[in-house]
There are 2 protein chains.
Amino acid sequence: MQKPRQTTIIDIARALRVSPSTVSRALHNHPSISAATKRAVLEMAEKFDYQPNLLALSLLNKKTGIIGIVVPEITGYFFATVISGVQDMVSSAGYKLLICQSNESFEEEKKLLQDMALLRVDGVLISPTFRTKTFDHFDRLKNAGIPLVIFDRDCPNYKADKVLVDSYDGAYQAVEYLIKTGRQHIAHIAGPIAFPTFKQRLDGYLHAHYDNNIPIRSELIVYSDGFSSDYGVDALEKLMICNKKLDGIFAVNDAVAIGAMRVIREKGYRIPEDISIVGFDDESYAQYYFPSLSTVWQPVYELGMLSAKILLDHFANKEPRESYRYEVLKPELVVRDSSPPLY
Amino acid sequence: MQKPRQTTIIDIARALRVSPSTVSRALHNHPSISAATKRAVLEMAEKFDYQPNLLALSLLNKKTGIIGIVVPEITGYFFATVISGVQDMVSSAGYKLLICQSNESFEEEKKLLQDMALLRVDGVLISPTFRTKTFDHFDRLKNAGIPLVIFDRDCPNYKADKVLVDSYDGAYQAVEYLIKTGRQHIAHIAGPIAFPTFKQRLDGYLHAHYDNNIPIRSELIVYSDGFSSDYGVDALEKLMICNKKLDGIFAVNDAVAIGAMRVIREKGYRIPEDISIVGFDDESYAQYYFPSLSTVWQPVYELGMLSAKILLDHFANKEPRESYRYEVLKPELVVRDSSPPLY
DNA sequence: CTGTTAGCGCATTCAT
DNA sequence: ATGAATGCGCTAACAG
C-alpha cells in the first residue's frame, strides 16, 4: 500500500509562489498578513485538502496532545467506566487518549510505560498491576518530565498523585449493616489479597466485627485466587461442605456474589431470610438480579474524571508542584433485596 | 512543569567526540562500525539513559506504529472485549493502540477520524455510530493512504473491509428454537432499529416465524429507544398491560432480557414454564442469573482479533489490494434454564 | 507585509 | 570506519 504523499505547506507555497512561512502565517491568522494572500492560501489549502502534520508539530513543540492510560484490563465494568470518565475529561481539554492494558503483567506494564515515554505522551494515568512492587519505571517517566497520576490501586510506598476509592470504608459499611440487621455469622469471600483493594475489603470486614464485638471465625473467611463468578461458586461450596453456621455473606465483588447466590439457592436456602448477602461494585446487573443485590457503589466515573483533572492541572501549572495530591473517594452502601432492610 | 531536555544522539556524540551519524549507526548495529566505538556509544547511551524520540522517527519514516480504533462506547462487555482482542493482536505485532469512543455521535466520529489522520496513525478500525450515513470521512482516510476496517456495524452502502457478526442468524436460531419447544406467542423486545444490528435481529425473528408458519402478531413486537435493562422493564410493562397471550420472549440483548425477567417474575409468571425467554450477547452474568439465561453467544474476542489481523495484512502487502475482505462470524445459541430444553 | 534561516531528533545518502 | 550534508513538515526569530 503506497502512501500518497500528503500535501504540505510547501506545496501550497509553491502553487502560490510565496514562502512557506507566509502560508503558515495565513493558516494561523497571524496579525501581519494581507487579507488577499490569506484568502488565496486558505483557498488553496481547501483545494489541496491540506492537513497539518501533527508529528512535525509535536516534534517542534515537544508536546503531543496525547495522554496515556494504563489499566490492568479494560474488559469489565469498573475500568471501562473509569476510562469513560477520563476520556470525557481529557477530550474536553483537547487531548487524545492512548489506552493500554497490562493484563496484570508487570513486564507488560513496564513496556507500556516505556512506549509512552518514547512516544512523548504529555502525561500518564495508571492503575498498577497487583504485582507492581518497584517503581523505577514510574520514576523514569517523572524524570522525563511526564507527570503521572495513580488511580484506584494504591502503591503504599510510592509518592505520587493518587486518586483512590476507600474500599475499607465500603466494606466496613456493608458488614456493619449486616451486623445491625442481626447477623452474627457473616462469611467473607475474599479476593486475592495480593490486591491492596481486596486486602482493604477484608480489613473492613474484620474491623466491623471488632468494633461491634462480634468474634471473628476464621473458618468463615474464604480466600479466592480470582474474582469472577466461578470463584463465588467455589467459595460457597467450601463454606457449605462443613455445614457451618452461616447467616450472612460479604462478597468481595458483585461477580463473586452472584456465583455464591447460585449455590445458596441450589442448596435450598432462602435469600435474604436464611442467608443475606452483600456485594461490591454495583455492576449494571446488580439491581436486576433476583433477588436484587445489595452492594457497595463506587463513584467510578468520577474517579476517572478526577484523575484526569489532576493530570490536566499539571499542564496548567508550569511550576513543579510542591506536594502530591491524595484524593480518596467514598463509596456508598446500596441496600436491595438480598439483605433485609434495617428497621 | 519544565520538561528536562531529553538526551539525544547529539549529546552522546559530543560526549564521545564523534559524529551523530556514528552514534546512530552504533545504536542500530550497522555493519561498518568498529567494535570499540560501538561499545563506547552503547555505554554512554546507557549512562545518559538515552531514549530514541519516536516522533522524530515517525516523521522520518512516515509511520507511527499506532493503530486507531473508534467504538461507539467502551463501557459494556461487547466493545470492551473486542478491544481486548484487537489489543492482543496489534501489540503482538509491535503496534500501539489508540482507543477512542464516539458516544454514538456522528460529529464526534468525524472529529476522531480527523485527529487520527492528523496524527498519521498507520491504520484504523471502526465500528460506526448508528447515525453514520455518509462516508466522506472514511474516504478521506483512505485517500490519505490509511487503511480502514469496519467491524460489527455494517455500512451497507459503503465498500470497505468488514468483519461482522451474523445477528440475523443468531436471532433466527433463538426464535426457531423457541418455536420448536412449542411456543406460539413469542414477543420480541426490539432495540432501536436505526441500528442495523438490531434490525437484523428483528428480521431473524420475523423470518423464523414465516419459515415455521407461525403468524406474526405485531402487538407482540415492542420497539425500544434504547437497550439497557430499563428498556426491558418498560417493554414488558407495555406487553403485560393488554394481558396478551404470551409464552415466549426474544430480547434484543441480555441487559433487556434481565429487565424483562424482573417484571415477569413480579407479575407472578414462572420462567420458563409460563414464559420462556432468550437474550443475546452472553454477558458474563447470563449464566449466573436466576434462572440462568438462554442467550446467543457471539465470538467477540475473535471479532477483534480478526479485524486487527485484516488491518495488519494491509501493512504486509505493499500492493494495494484488489478487493475488500468481507467476513461474517457466526453466533451460537446457548440454551440454559430460562427456556425449556428441546426434547 | 513577506522571505530567509534555523532547528526540533533522527537516519541516510554521499563523501572521505 | 567515520563525518558532513540532507530532509521529514513545520514554526519562530530575524531580516528586509
Side-chain angles (χ1 to χ4, degrees), chain A residues 2-42 44-45 48-66 117-122 144-145, chain B residues 2-42 44-45 48-66 117-122 144-145:
Chain A
Q2 195 56 26
K3 297 222 178 186
R5 215 182 58 75
Q6 63 173 308
T7 43
T8 72
I9 53 171
I10 304 202
D11 299 320
I12 301 182
R14 265 202 286 265
L16 259 44
R17 307 180 162 283
V18 296
S19 81
S21 359
T22 304
V23 176
S24 171
R25 282 188 274 249
L27 257 22
H28 298 291
N29 39 276
H30 188 91
S32 55
I33 187 100
S34 81
T37 46
K38 182 168 166 182
R39 193 158 10 87
V41 168
L42 258 35
M44 193 59 73
F48 282 2
D49 190 26
Y50 167 76
Q51 317 260 62
N53 186 321
L54 279 198
L55 293 174
L57 288 181
S58 302
L59 185 56
L60 212 48
N61 303 331
K62 298 179 175 316
K63 170 164 188 343
T64 54
I66 300 178
L118 298 187
L119 233 184
R120 300 299 192 273
V121 299
D122 293 337
Chain B
Q2 196 57 22
K3 297 222 175 183
R5 215 181 59 74
Q6 63 173 306
T7 46
T8 72
I9 53 170
I10 303 200
D11 298 321
I12 300 181
R14 264 202 287 265
L16 258 45
R17 308 180 159 283
V18 296
S19 80
S21 355
T22 304
V23 176
S24 170
R25 282 188 274 250
L27 258 22
H28 294 80
N29 39 275
H30 187 90
S32 56
I33 187 100
S34 82
T37 46
K38 181 169 166 181
R39 192 159 9 88
V41 167
L42 259 34
M44 193 60 73
F48 282 1
D49 190 27
Y50 166 76
Q51 315 260 68
N53 185 320
L54 278 197
L55 293 174
L57 288 182
S58 301
L59 185 57
L60 212 49
N61 302 331
K62 299 180 172 314
K63 170 163 188 342
T64 54
I66 301 179
L118 298 186
L119 233 184
R120 300 299 194 273
V121 300
D122 293 337

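In this text, all values refer to a predicted model and were calculated from it rather than measured experimentally. The chains referred to below are lettered A, B, ... by the order of the sequence lines, with proteins before strands, and numbering in each begins at 1.
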- Item | B:R17 CZ - D:dT2 C1' separation (whole Å) | 16 Å
- Message: A side-chain contact here means heavy atoms from C-beta on lying under 4.5 Å apart; do A:D11 and A:Y50 qualify?
- Response: no
- Query: Does D:dG9 have OP1 or OP2 sitting under 4.0 Å from an N or O in the side chain of A:T8?
  - Reply: no
- Item | Spacing between A:N53 atom CG and D:dC8 atom P, to the nearest angstrom | 12 Å
- Message: Taking B:K63's backbone N and O only, do any of them form a donor-acceptor pair with B:D122's side chain (distance below 3.5 Å, no angle check)?
- Response: no
- To the nearest angstrom, the NE2-P distance between B:H28 and C:dT13 comes to 13 Å
- Query: Which whole-number value in Å describes the distance from A:K63 NZ to D:dT11 C1'?
  - Reply: 16 Å
- Report the distance from atom CG of B:L59 to atom P of D:dT11, rounded to the nearest whole Å. 12 Å
- What is the nucleic acid contact for A:L57, judged by heavy atoms within less than 4.0 Å: base, sugar-phosphate only, or nothing? sugar-phosphate
- Give a yes/no answer on whether the side chain of B:S21 brings an N or O atom under 4.0 Å of OP1 or OP2 in C:dC10. no
- Rounded to whole angstroms, how far apart are CD on A:Q51 and P on D:dC10? 10 Å
- Taking the nucleotide of DNA chain C with the closest heavy atom to each, which residue, A:S32 or B:L60, is nearer the 5' end? A:S32
- Message: Nearest 0.5 angstrom please: A:L60 CG to A:N53 CG, how far?
- Response: 11.0 Å
- Query: Does the side chain of B:K38 get closer than 4.0 angstrom to OP1 or OP2 of D:dA1 through an N or O atom?
  - Reply: no
- Ignoring backbone atoms, establish whether B:S58 has a side-chain N or O less than 4.0 Å from OP1 or OP2 of D:dC8. no
- Given C:dC10, D:dT11, C:dT2, which nucleotide is nearest the side-chain atoms of B:A56? C:dC10
- Message: Under 4.0 Å, heavy atoms only, any strand: does A:I33 hit a base, just the sugar-phosphate, or nothing?
- Response: sugar-phosphate
- N or O in side chain of A:S24 less than 4.0 angstrom from D:dT11 OP1/OP2: yes
- Query: What integer distance in Å separates B:R25:CZ from D:dA1:P?
  - Reply: 10 Å
- Item | Side chain of A:S34 (C-beta onward), nearest among D:dG3, C:dT2, D:dT11 | C:dT2
- N/O donor-acceptor pair under 3.5 Å between B:S58 side chain and B:L54 backbone: yes
- Task: Scan B:P52 against the nucleic acid and name what it touches under 4.0 Å (heavy atoms): base, sugar-phosphate only, or nothing.
- Result: sugar-phosphate
- Message: Expressed as a whole number of angstroms, how long is the span from A:L16:CG to C:dC1:P?
- Response: 17 Å
- Message: Looking at B:T22, I'd like to know whether one of its side-chain N or O atoms comes within less than 4.0 Å of OP1 or OP2 on D:dT2.
- Response: no
- Among side-chain atoms of B:T22 and B:S19, is any donor-acceptor pair under 3.5 angstrom? yes
